[in-house]
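Let me begin by handing over the structure; questions about it come next.
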Amino acid sequence: MAVVNNELPTLLDQVKRQAPNGAIDRIVEQLTRKNPILEDMVVLEGNLPTGHRVTSRTGLPSVGWRKLNEGVAPSKSVTDQFDEACGELAGMSVVDTRVAKLNGNEAAFRASEDKAFVAAMSNEIATGIFYHSTDAAPEKFNGLAPRYDNTVVSAANPQGDQIIKCDPAAAGADQYSIWLVVWGPETVFGIYPKGSVAGLEPDDRGVQLWNDANNKKFKAYVTYWTWDFGLVVRDWRYVVRIGNIDASGFDATKTLIHDAMADAVEQVQDLNSGRPVLYCSRKVKTMLRKEARNAVKSSTLTTEMVGGKPVDFFDGIPIKRSDALVTEDVIA
């Protein structure tokens, strides 16, 4: 039975990438998404080979007033530790040397394939920052949604206070969330394992003999891609999730989202402790614009030019579209 080759670039792939003059054409990257979160977050080297150990203060010492000739009872603060793990995202590019060398466009063809790997891995990391769960997949890292998914506040879940339901009556699996994250070394940051390299790491293995589907050998250019990454929420008070934004039941006359965003800004412990950014999907960003346009009272949504590009702000906090954010279930 014939084997369909979906993993390795073929002559057809090479032809599809040619411009009329025979050069490798610029490819329209329809699968590349907007991932501003990768540009915003602070990334630090972890203090463990597999991640980062966080020490946080969970209790203050007791103090009291004293009279003359009276003593003071000794006391101490209380600390706790928890570990954040990194996951290793990997990929492998294998290109037949003859395919790459056709028409003398070897370097350009490999570069076009490299660009696709960069996009794919960036998309996966951005998705993971919001949605990955080590409970569901231990090989990954823990994202934001598994940490902020329960509004019941308890000793084990103090971050329940950081979830704001935009529409308490929302129903269905077509909900969205807006995330307010304050990036900083003392708040929320990305990590890479101790002694490793930050970010996407390509390892060009050069020309190797590779097995085809029938275990026959051919010469191929091989590049192994890795990205070791983890997320540390050092202080849970610096993330707020605005959930239950019901896309189907949205009414642009109610200014629900703007009110919820105002609540989120006030819920953060201190906006000056890092770099605050609001993230939302394309759909929600459109809804925000409509709310601002239809608002009876003045809106706090503004647009300013930053680096020659228009950027939306809410109360001075940039609002950025993240294509990694998708529809969700209702937060109970």
*Hey, are Asp40 and Arg275 close enough for a salt bridge, meaning a charged N less than 4.0 Å from a carboxylate O?*
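Arg275 and Asp40: not salt-bridged.
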
*Can you name the closest pair of heavy atoms from Pro276 and Ile317 and give their distance?*
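Where Pro276 meets Ile317 most closely, the heavy atoms are O-CG2, 3.6 Å.
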
*Do you know the tightest heavy-atom contact between Tyr192 and Asp228?*
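Minimum heavy-atom separation between Tyr192 and Asp228: CB-O, 3.7 Å.
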
*Look at the side chain of Asp312 and the backbone N and O of Thr303, then say whether any donor-acceptor pair between them is shorter than 3.5 Å.*
no

*Which heavy atom in Met287 sits nearest to a heavy atom in Asp246, and how many Å separate them?*
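Distance-wise, the nearest heavy atoms are CE-O, 4.2 Å.
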
_Working for salt bridge (Lys or Arg N to Asp or Glu O under 4.0 Å), residues Glu88 and Lys140_ = CA-CA 7 Å; Glu88 181 184 356; Lys140 298 180 180 180; over 6 Å; no

*If Ile, Leu, Val, Met, Phe, Trp and Tyr residues are connected whenever their side-chain heavy atoms lie under 4.5 Å apart, and connections chain through other members, are Val326 and Leu288 in the same group?*
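Both belong to a single hydrophobic cluster.
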
*asked:* Tell me if the CD atom of Glu139 is crowded by more than 12 foreign heavy atoms within 6.0 Å.
replied: yes

*State yes or no: are the ring centers of Phe229 and Phe141 separated by less than 6.0 Å?*
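Yes; Phe141 has its ring centre under 6.0 Å from that of Phe229.
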
*Could Arg147 and Asp149 be called an ion pair, given the rule that one side-chain N must be under 4.0 Å from one carboxylate O?*
no

*When you check the gap from the basic side-chain N to the acidic O, do Lys194 and Glu45 get nearer than 4.0 Å?*
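Glu45 and Lys194: not salt-bridged.
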
*Would you say Lys320 has more than 12 foreign heavy atoms packed within less than 6.0 Å of its NZ?*
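Enclosed.
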
*Going from CZ on Arg234 to CD1 on Ile191, what distance comes out if it is rounded to the nearest 0.5 angstrom?*
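It is 11.5 Å, given to the nearest 0.5 Å.
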
*asked:* Between Thr327 and Gln175, does the side chain to side chain donor-acceptor pair (under 3.5 Å) criterion hold? Intermediate values first, please.
replied: CA-CA 5 Å; Thr327 52; Gln175 311 301 308; over 6 Å; no

*When you check the gap from the basic side-chain N to the acidic O, do Asp212 and Lys217 get nearer than 4.0 Å?*
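No, this pair does not count.
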
*Hey, mind stepping through Lys219 and Asp96 against salt bridge (Lys or Arg N to Asp or Glu O under 4.0 Å) and telling me if it holds?*
CA-CA 6 Å; Lys219 291 195 298 182; Asp96 190 309; over 6 Å; no

*Give the cluster check for Val43 versus Leu48: same hydrophobic cluster or not, with ILVMFWY residues linked at side-chain heavy-atom distances below 4.5 Å.*
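No, Val43 and Leu48 fall in different hydrophobic clusters.
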
*Non-hydrogen atoms of Val182 and Ser273 that approach each other most closely*: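 It is CG1-C, 4.3 Å.
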
*Locate the shortest heavy-atom distance separating Ile331 from Gly243; write the atom from each residue and the value.*
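Taking Ile331 first and Gly243 second, the nearest heavy atoms are CD1-CA, 3.9 Å.
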
_Gap between atom CZ of Arg321 and atom CG of Asn35 - 0.5 Å precision_ = 10.0 Å

*Spacing of Tyr238 atom OH and Glu186 atom CD [to the nearest 0.5 Å]*: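 Nearest 0.5 Å value for the OH-CD distance: 9.5 Å.
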
_Electrostatic pair Lys165:Asp167 at N-O distance under 4.0 angstrom_ =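 No, Lys165 and Asp167 are not salt-bridged.
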
*asked:* So Asp80 and Thr55, do their side chains get closer than 4.5 Å, heavy atoms only?
replied: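 Thr55 does not reach Asp80 side chain to side chain.
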
*Do the rings of Tyr148 and Trp179 sit parallel, tilted or perpendicular, given the 30° and 60° boundaries?*
perpendicular

*Following the transitive rule for hydrophobic clusters with a side-chain heavy-atom cut-off under 4.5 Å over Ile, Leu, Val, Met, Phe, Trp and Tyr, establish whether Leu89 and Leu38 coincide in one cluster.*
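Same cluster.
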
*When clusters are formed by joining ILVMFWY residues with side-chain heavy atoms under 4.5 Å apart, either directly or through shared neighbours, do Val153 and Trp236 land in the same one?*
no

_Distance in Å, Ile129 CD1 paired with Leu325 CG, rounded so as to fall on 0.5 Å steps_ =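 One finds 10.5 Å between CD1 of Ile129 and CG of Leu325.
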
*Arg237 bridged to Asp235 by N-O distance under 4.0 Å*: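 A salt bridge is present here (some side-chain N lies under 4.0 Å from a carboxylate O).
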
*According to a 4.5 Å side-chain heavy-atom criterion applied to Ile, Leu, Val, Met, Phe, Trp and Tyr, with indirect links allowed, do Val284 and Val311 form part of one hydrophobic cluster?*
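Unlinked, Val284 and Val311 end up in two clusters.
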
*So how far is it from Ile178 CD1 to Phe314 CZ, rounded to the nearest 0.5 Å?*
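Interatomic distance, Ile178 CD1 to Phe314 CZ, rounded to 0.5 Å: 9.0 Å.
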
*Could you tell me which non-hydrogen atom of Val268 sits nearest to which non-hydrogen atom of Leu271, and how far apart they are?*
CG1-CD2, 3.9 Å

